[in-house]
Amino acid sequence: MSVAIRVIPCLDVDAGRVVKGVHFENLLDAGDPVELASRYNDAGADELTFLDVTASSSDRATTFDVVARTADRVFIPLTVGGGVRTAEDVDRLLRCGADKASINTAAIKRPEVIDEITRRFGNQVLVLSCDAKRTGNTPSGFEVTTHGGRELTGIDAVQWAVEAERRGVGEILLNSMDADGTRDGFDLEMIREVRSAVSVPLIASGGAGAPADFPPAVAAGADAVLAASIFHFGPVDAIAEVKAALRAEGHEVR
């Protein structure tokens with residue numbers, strides 16, 4: 001039996017507000033995260049993802065407060081990332097009402113943290129966030145980056161996905177830094193390359209600009225599709241339009 005494709009709005013949160021830019025630069029205010037989350041819940045989103053884009057210690061209390069207030073308002077799974085470094089960070093997020101935690105830089109610096117988190121909480125709570133871009137530095141041509149795509153790591157994105165799966169992550173959020181915020185469509189080649197190497201659920205991110213962009217990402221191997229701009233700044237029924245486009249191409253949605 002096929003699994004329904006999930007449609008996931010992403011809320012990049014900075015100092016308690018949702019922001020969105022292109023390639024993580026020139027950020028625009030998109031609204032209050034709790035209000036947006038509630039709106040997306042009512043509009044039929046399958047999950048929500050919060051990413052703390054500054055992840056500084058001074059904003060940490062703000063993030064926990066936003067998570068707790070959002071969890072009181074929405075009834076769909078909530079993934080929170082940004083500044084997750086330890087199993088204790090995951091524990092606190094779960095206690096605030098998050099269903100899953102997303103990890104990125106900390107896992108690159110010390111991959112063993114994936115094992116520590118999944119042994120303690122199970123792999124269903126941990127999402128690897130992989131911000132990758134096209135370079136000539138790795139075998140696959142896709143390189144893992146940090147700091148909003150500005151810093152290269154030398155790590156092959158496909159090989160990193162394989163290692164993360166081996167260590168126990170439950171899902172992989174694959175974000176194309178080249179496509180991020182451009183609304184030019186998903187990087188289908190990147191999705192296909194990672195899909196061919198791992199079996200865990202794959203969330204495609206980066207580049208969605210119209211409902212028609214989503215079915216090709218699923219055809220390339222995505223189990224879920226994540227976007228921000230099209231939902232924040234698009235029509236109020238954007239989620240319904242995306243699901244209609246997926247259904248029209250024969251994909252099961254919720």
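Scope of the values below: all heavy atoms of this structure, side chains included, with no hydrogens, waters or symmetry mates. All of these numbers come straight from a predicted model, not from anything done at the bench. All residue numbers refer to positions in the sequence shown, counting from 1.
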[Y] side chain reached by [X] side chain, heavy atoms, under 4.5 Å:
X    : Y    : value
V225 : V218 : yes
R192 : R195 : no
L152 : T135 : yes
D12  : V18  : no
V13  : T63  : no
V194 : F142 : no
T146 : D131 : no
E241 : F214 : no

Are there over 12 heavy-atom neighbours, none belonging to E249, within less than 6.0 Å of that residue's CD? no
Does CZ in R110 sit with more than 12 non-hydrogen atoms of other residues, nucleotides or ligands closer than 6.0 Å? yes
Strictly by modelled atom types, are S199 and E165 linked by a side-chain donor-acceptor pair under 3.5 Å? yes
Taking all atoms of both residues into account, what is the closest heavy-atom pair of [X] and [Y], and its distance?
X    : Y    : value
L48  : A37  : CD1-CB, 3.5 Å
I191 : L202 : O-CD2, 3.8 Å
G141 : D156 : N-OD2, 4.3 Å
M190 : A132 : CE-O, 3.6 Å
A197 : V158 : CB-CG1, 3.6 Å
A179 : G185 : CB-O, 3.7 Å

Salt bridge or not between [X] and [Y]? Use side-chain N to carboxylate O under 4.0 Å.
X    : Y    : value
R134 : E143 : no
E171 : R6   : yes
R167 : E116 : no
D180 : K133 : no
R247 : E252 : no
R183 : D213 : no

From [X] atom [atom1] to [Y] atom [atom2], the distance as rounded to the nearest 0.5 Å:
X    : Y    : atom1 : atom2 : result
R254 : L246 : CZ    : CG    : 12.5 Å
S102 : L51  : OG    : CG    : 6.0 Å
R69  : C96  : CZ    : SG    : 11.5 Å
L173 : T79  : CG    : OG1   : 8.5 Å

Starting from L126, can I reach V84 by hopping between I/L/V/M/F/W/Y residues whose side chains sit under 4.5 Å apart? yes
